[in-house]
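Have a look at the structure below, then the notes.
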Amino acid sequence: MKTHCTACAGMEKPLSKSAAVKALKKLPDWEISQDEKMISRHLVMKNFLAAIKLVNKIGIIAEAENHHPDLHLTGYRNLQIDLSTHEVKGLTTNDFIVAAKIDQLPMKLKTKKNAKN
């Protein structure tokens, strides 16, 4: 897999279903949407501050790659990350590159030990 995103200009169509499913096998914590146009990961962070710190780190990756996920923080620590390439209305290699980079970030997740809520 490439290690950096490529410009979307000139991309005509999204990855095929089989190519997307194959790429997803390398990202076991991610799910593909029913319409196969997006991949998502849901995280339950240790607390609000841990969630905000991760959002900021994701922002740095997104800016460096010029490929930006939709980030949803709800219930103060539930973080949903959605990746799709809007230019082609579906998935491209860029989505999987950014997902893999997000997976490399340190994450303070909720554990049974700190599971009060």
Side-chain angles (χ1 to χ4, degrees):
M1 184 181 288
K2 296 183 279 184
T3 58
H4 292 288
C5 294
T6 56
C8 293
M11 286 187 185
E12 296 176 14
K13 56 185 175 176
L15 291 174
S16 67
K17 178 181 178 179
S18 62
V21 168
K22 182 179 178 183
L24 192 66
K25 287 181 182 179
K26 296 177 184 174
L27 301 167
D29 296 320
W30 293 77
E31 298 178 346
I32 194 164
S33 63
Q34 285 187 330
D35 65 3
E36 300 160 0
K37 293 182 179 187
M38 177 173 57
I39 56 172
S40 300
R41 183 167 181 196
H42 181 259
L43 301 163
V44 180
M45 305 302 296
K46 180 178 179 181
N47 54 38
F48 181 76
L49 187 55
I52 293 299
K53 285 181 180 180
L54 182 58
V55 165
N56 286 327
K57 289 175 185 176
I58 292 170
I60 291 168
I61 290 171
E63 283 297 302
E65 295 297 331
N66 196 27
H67 195 73
H68 305 88
D70 292 334
L71 302 171
H72 312 273
L73 179 58
T74 59
Y76 81 91
R77 68 172 166 202
N78 297 297
L79 180 59
Q80 178 81 23
I81 307 163
D82 298 328
L83 280 160
S84 183
T85 303
H86 304 288
E87 186 83 19
V88 299
K89 297 178 176 73
L91 292 166
T92 64
T93 304
N94 291 348
D95 300 302
F96 295 94
I97 291 170
V98 172
K101 289 186 178 210
I102 289 170
D103 282 354
Q104 296 302 310
L105 293 172
M107 300 178 190
K108 291 185 179 180
L109 302 175
K110 177 182 169 184
T111 63
K112 289 180 182 178
K113 200 182 242 188
N114 62 26
K116 293 179 185 170
N117 291 326

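Fair warning: this is a prediction, and the values are worked out from it, not measured in the lab. All residue numbers in this chain count up from 1 along the given sequence.
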message: Just verifying a value: how many Å separate Arg77 CZ and Lys108 NZ, rounded to the nearest 0.5 Å?
response: 14.0 Å
task: For residues 51-64, pull every pair meeting side-chain hydrogen bond (donor to acceptor under 3.5 Å, both in side chains), keeping only residues two or more places apart or in separate chains.
output: Glu63-His68
- line: The salt bridge (charged side-chain N to carboxylate O under 4.0 Å, His left out) partners of Asp70 (sequence neighbours excluded) come to none
Separation of Glu31 CD from Leu24 CG (nearest 0.5 Å): 8.5 Å
- request: Calculate, to the nearest 0.5 Å, the distance between atoms NE2 and CZ belonging to His67 and Phe96 respectively.
  value: 9.5 Å
- request: For Lys17, enumerate each residue passing the side chain to side chain contact (heavy atoms under 4.5 Å, CB included) test, keeping only those at least two apart in sequence or located in another chain.
  value: Val21, Glu36
Sequence-distant partners of Asp103, side-chain hydrogen bond (donor to acceptor under 3.5 Å, both in side chains), two or more places apart: Trp30, Arg41
message: Within the 4.5 Å heavy-atom criterion, are Lys110 and Asn78 side-chain neighbours or not?
response: no
- prompt: Is there side-chain contact between Met45 and Leu54, with at least one heavy-atom pair below 4.5 Å?
  reply: yes
query: To the nearest 0.5 Å, how far apart are CE in Met107 and CG in Leu79?
result: 8.5 Å
- prompt: With sequence neighbours excluded, what pairs up with Asp82 under the salt bridge (charged side-chain N to carboxylate O under 4.0 Å, His left out) test?
  reply: none
message: Could you check whether any side-chain heavy atom of Leu91 comes within less than 4.5 Å of a side-chain heavy atom of Thr85, counting everything from C-beta outward?
response: no
Pairwise distance CG(Leu73) to CD(Gln80) - rounded to 0.5 angstrom: 11.5 Å
message: Checking Ala19 now: which residues fulfil side chain to side chain contact (heavy atoms under 4.5 Å, CB included) with it, not counting sequence neighbours?
response: Leu15, Ser16
